[in-house]
**Q** 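Before I ask anything, here is the structure I am working with.
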Amino acid sequence: MAYWFHRNPLKATAPATFELHGVSTNDVSRKLFSDMRTNRNKLLEMLTDPNHSVEAMERTANEYFALIQGLYSQIDPQESENKLRKVIGFKWSSTLTGATAVEAHDAVYEHVSMAVNLALWYTKHAAKLAAKEEPDMEEAKAVHKCLRTAAGLFKYVKEELVPKLIDSFESGTDTDTRVLDAYIKQCTAEAQEVTIARAIELKHSSGLVAALANETAQLYIDADNALASLDEKIAGKWRKYCQLKSNFYLACAHSYNGETLLAQDKCGEAIRGLQESVKMYEKSELLCKEYAACKGAGTTARPQNHLFFRKLGPVVRRTLEKCERENGLIYHQKVAYDPPALELRATYGLVSPEEYQAPALNALWTPETYAKFDTTRAPPKPEKKKPDEKPPTLPAMKEKETPMSDKDPKNFSGCVVS
């Protein structure tokens with residue numbers, strides 16, 4: 001879907017040379033550092049381009065993660081902590097806080113940061129596929145799978161890696177569980193949007209579409225709530241996106257629920273539900289304008305320009321007019337003051353994050369090789385910065401732009417991914 005999704009920028013990083021002469025004392029230990037440098041550079045280059053295949057990206061990422069895990073995993077059972085974990089300093093920016101960089105002498109921090117970038121790549125690859133003029137069924141499935149994979153990666157970072165970090169970091173950085181929660185909810189909601197598009201295109205029951213739309217709206221509400229306690233300056237734009245999407249899908253849920261109620265001869269309830277749908281849709285239109293005017297990180301989505309968005313408003317209003325006519329001529333039911341509750345639970349089509357499986361440790365990481373690293377020769381860590389000293393900054397990653405189609409899809413639902 002052209003410009004349907006909001007995407008935050010990739011994390012920027014400083015080069016990591018892994019050149020620790022004296023620490024690596026034989027050919028195998030030197031090869032490990034050399035392979036880490038080569039694979040890191042290759043992965044960073046690939047992450048900037050969403051046109052790479054999933055298979056190529058997975059292969060490159062797994063090769064690097066299999067190596068970097070050797071810097072913090074327990075290799076010598078006699079040690080409580082890997083002696084190499086704090087040897088190298090890694091410097092990264094965050095997706096929300098701009099160019100400001102944070103440095104940590106912790107290999108887990110490197111794994112966290114690169115895994116977040118990998119998850120972001122999956123979301124950008126999904127957006128690139130969805131933005132094609134006419135994606136086919138296999139591409140729609142790939143969009144769905146990529147978004148679930150991204151959600152699973154963010155979940156893995158939050159639950160498995162962040163608790164292992166040595167240091168705590170500032171609010172709003174990518175190690176903040178609120179930020180990670182928002183990413184998990186957003187990716188899951190976007191994958192569910194693909195399911196909704198498919199359900200509408202295949203003309204599934206209005207009850208199922210209403211339930212899926214309601215569940216999707218709740219995911220966006222949860223994402224917004226996760227960000228609510230963060231500084232508005234860094235999270236405000238992202239929150240507006242979550243709010244406009246939640247209101248849009250609430251409008252969708254009330255609309256399809258209204259059709260269900262009308263089919264059950266509950267015309268008075270249907271009218272009130274459709275009135276609520278119009279209200280939610282108009283609110284989402286207003287939020288689209290506020291989102292577009294809001295400053296903050298990320299590419300700006302333009303859902304109000306998309307046929308799926310544009311089509312819902314007239315449909316809701318026509319259905320409401322139809323219900324009001326039939327109520328005046330046939331049912332004569334009282335219209336309730338409060339809208340019907342959306343106590344809807346989808347029985348099909350619900351999405352969950354794809355469970356992420358970390359690659360096995362690279363075969364070169366053996367106790368014998370590990371013993372050949374001499375950390376007594378490691379360079380001293382830099383002194384801590386003074387409180388009044390400005391934090392370092394990093395140039396943004398130069399991401400390759402993906403062309404978006406502005407043509408309307410030629411199908412029933414108005415959804416491209418269907």
Side-chain angles (χ1 to χ4, degrees), residues 5-14 43-44 46-50 57 61 90-104 108-128 146-147 149-158 161-162 165 167-190 220 222-242 245 291 294-301 353 356 391-402:
F5 302 122
H6 172 94
R7 292 291 175 260
N8 287 331
L10 292 172
K11 296 163 66 65
T13 184
L43 180 54
L44 287 171
M46 290 183 68
L47 285 167
T48 63
D49 188 351
M57 182 58 73
F90 297 97
K91 196 179 292 183
W92 286 89
S93 68
S94 284
T95 54
L96 296 182
T97 55
T100 303
V102 175
E103 183 175 14
V108 176
Y109 178 63
E110 167 73 358
H111 196 170
V112 165
S113 301
M114 198 67 86
V116 167
N117 261 5
L118 178 61
L120 289 172
W121 180 87
Y122 275 103
T123 69
K124 292 166 191 276
H125 183 69
K128 171 251 175 186
C146 280
L147 291 167
T149 300
L153 254 169
F154 284 123
K155 190 169 183 283
Y156 171 76
V157 170
K158 177 195 168 190
L161 295 180
V162 167
L165 288 168
D167 300 317
S168 56
F169 298 91
E170 291 183 15
S171 172
T173 59
D174 297 313
T175 59
D176 191 322
T177 54
R178 295 168 295 179
V179 173
L180 293 169
D181 273 334
Y183 276 126
I184 294 165
K185 297 296 184 185
Q186 178 186 339
C187 293
T188 307
E190 289 177 349
Y220 277 116
D222 290 343
D224 180 40
N225 288 339
L227 299 169
S229 56
L230 294 177
D231 188 339
E232 192 70 14
K233 290 179 181 177
I234 65 169
K237 187 178 184 71
W238 194 5
R239 289 193 65 197
K240 288 293 182 186
Y241 169 76
C242 295
K245 281 292 190 79
Y291 165 74
C294 193
K295 293 181 180 179
T299 57
T300 300
Y356 175 74
T393 58
L394 291 168
M397 296 273 275
K398 294 180 180 178
E399 301 183 45
K400 291 180 174 63
E401 293 186 7
T402 303

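Predicted model only: the values in this text are computed from it and were never measured. Each residue takes its place number in the sequence, starting with 1.
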**Q** CD/Glu399 to CG/Leu10 distance, rounded to the nearest 0.5 angstrom?
**A**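 It comes to 3.5 Å.
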
**Q** Kindly give the heavy-atom pair with the smallest separation between Leu47 and Leu118, and that separation in Å.
**A**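 Smallest heavy-atom distance, with atoms named: CD2-CA, 3.8 Å.
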
**Q** For the pair Glu110 and Lys91, evaluate salt bridge (Lys or Arg N to Asp or Glu O under 4.0 Å) and give the outcome as yes or no after the intermediate values.
**A** CA-CA 8 Å; Glu110 167 73 358; Lys91 196 179 292 183; over 6 Å; no

**Q** Which heavy-atom pair separates Trp238 from Val179 by the least distance, and what is that distance?
**A**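 Smallest interatomic distance, heavy atoms only, reads CH2-O, 3.9 Å.
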
**Q** Could you verify whether a donor N or O on one side chain and an acceptor N or O on the other, from Trp92 and Glu103, lie under 3.5 Å apart?
**A**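 No, no side-chain donor-acceptor contact under 3.5 Å.
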
**Q** Of all heavy-atom pairs between Ser229 and Arg178, which one has the smallest distance, and what is that distance?
**A**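 Nearest heavy atoms, Ser229 then Arg178: OG-NH1, 2.8 Å.
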
**Q** Could you pull out all residues at least two apart from Tyr122 that satisfy ring-ring contact (aromatic ring centres under 6.0 Å, His included)?
**A**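 Result, ring-ring contact (aromatic ring centres under 6.0 Å, His included) vs Tyr122: none returned.
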
**Q** List the residues meeting salt bridge (charged side-chain N to carboxylate O under 4.0 Å, His left out) with Glu232, not counting sequence neighbours, and say none if there are none.
**A**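 Expected list: Arg239.
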
**Q** How long is the span from the CE atom in Met46 to the CE atom in Met57, to the nearest 0.5 Å?
**A**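 The CE atom of Met46 sits 4.5 Å away from the CE atom of Met57.
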
**Q** How close do Leu165 and Val112 get, heavy atom to heavy atom, and via which atoms?
**A**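 So the minimum-distance heavy-atom pair works out to CD2-CG2, 4.3 Å.
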
**Q** Take His111 and Val157 through the side-chain contact (heavy atoms from CB on, under 4.5 Å) test and state the conclusion after the steps.
**A** CA-CA 9 Å; His111 196 170; Val157 170; over 6 Å; no

**Q** Using atom types as modelled and distance alone, determine if a side-chain donor or acceptor of Lys237 lies under 3.5 Å from a backbone N or O of Cys294.
**A**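 Answer holds: yes.
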
**Q** For Leu394, does its backbone N or O pair with a side-chain atom of Ser93 as donor and acceptor, under 3.5 Å?
**A**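 Checked: no pair found.
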
**Q** Could you measure the distance from the CG atom of Asp222 to the CD atom of Gln186? Nearest 0.5 Å is fine.
**A**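 The CD atom of Gln186 is 13.0 Å from CG of Asp222, to the nearest 0.5 Å.
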
**Q** Step by step, work out the side-chain contact (heavy atoms from CB on, under 4.5 Å) result for Tyr220 and Asn225.
**A** CA-CA 9 Å; Tyr220 277 116; Asn225 288 339; over 6 Å; no

**Q** Taking only residues two or more places apart in sequence or in another chain, which ones pass side chain to side chain donor-acceptor pair (under 3.5 Å) with Thr393?
**A**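 Thr393 satisfies side chain to side chain donor-acceptor pair (under 3.5 Å) with no residue once adjacent residues are dropped.
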
**Q** For Lys245 and Tyr241, does a side-chain donor sit closer than 3.5 Å to a side-chain acceptor?
**A**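 Side chains of Lys245 and Tyr241: pair found under 3.5 Å.
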
**Q** First locate atom OG of Ser171, then atom CD1 of Ile234, and finally report the distance between them rounded to the nearest 0.5 Å.
**A**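 The CD1 atom of Ile234 is 6.0 Å from OG of Ser171, to the nearest 0.5 Å.
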
**Q** Under 3.5 Å, side chain of Thr188 to main-chain N/O of Ile184, donor-acceptor pair present?
**A**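 Such a contact is found between Thr188 side chain and Ile184 backbone.
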
**Q** We want to know whether Tyr183 and Thr95 form a side-chain donor-acceptor pair, criterion being a heavy-atom distance below 3.5 angstrom.
**A**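 Yes.
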
**Q** Keeping the roles fixed (side chain from His6, backbone from Thr299), state whether a donor-acceptor pair exists under 3.5 Å.
**A**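 Such a contact is found between His6 side chain and Thr299 backbone.
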
**Q** Lys233: what forms a side-chain contact (heavy atoms from CB on, under 4.5 Å) with it, not counting sequence neighbours?
**A**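 Only Asp231 meet the side-chain contact (heavy atoms from CB on, under 4.5 Å) criterion with Lys233.
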
**Q** Who are the salt bridge (charged side-chain N to carboxylate O under 4.0 Å, His left out) partners of Asp181, not counting sequence neighbours?
**A**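 Here the qualifying residues are Lys158.
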
**Q** To the nearest 0.5 Å, tell me how far Thr48 OG1 sits from Lys398 NZ.
**A**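 One gets 10.5 Å once the value is rounded to the nearest 0.5 Å.
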
**Q** Going through the checks in order, is the side-chain contact (heavy atoms from CB on, under 4.5 Å) test met by Thr100 and Glu170?
**A** CA-CA 11 Å; Thr100 303; Glu170 291 183 15; over 6 Å; no

**Q** Quick check: closest heavy atoms across Pro50 and Lys400, and the distance to 0.1 Å?
**A**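 Reported closest heavy-atom pair: CD-O, 3.9 Å.
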
**Q** Taking all heavy atoms of Cys146 and all of His125, pick out the closest pair and write down the distance.
**A**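 Shortest heavy-atom separation between Cys146 and His125 comes out as SG-CD2, 3.6 Å.
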
**Q** By salt bridge (charged side-chain N to carboxylate O under 4.0 Å, His left out), which residues pair with Lys185, not counting sequence neighbours?
**A**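 Testing Lys185 for salt bridge (charged side-chain N to carboxylate O under 4.0 Å, His left out), a comparison that skips the adjacent residues, returns none.
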
**Q** Please round to the nearest 0.5 Å and tell me the distance separating atom CH2 of Trp121 and atom OG1 of Thr149.
**A**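 Here the rounded value is 10.0 Å.
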
**Q** Flag this pair as yes if the NZ/CZ of Lys155 is under 6.0 angstrom from the six-membered ring centre of Tyr356 and inside a 45 degree cone about the axis; otherwise no.
**A**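 Negative - Lys155 is either too far from the ring of Tyr356 or too far off its axis.
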
**Q** Quick check: do Asp174 and Lys11 have side-chain heavy atoms less than 4.5 Å from each other?
**A**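 They are in contact (side-chain heavy atoms under 4.5 Å apart), so the answer is yes.
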
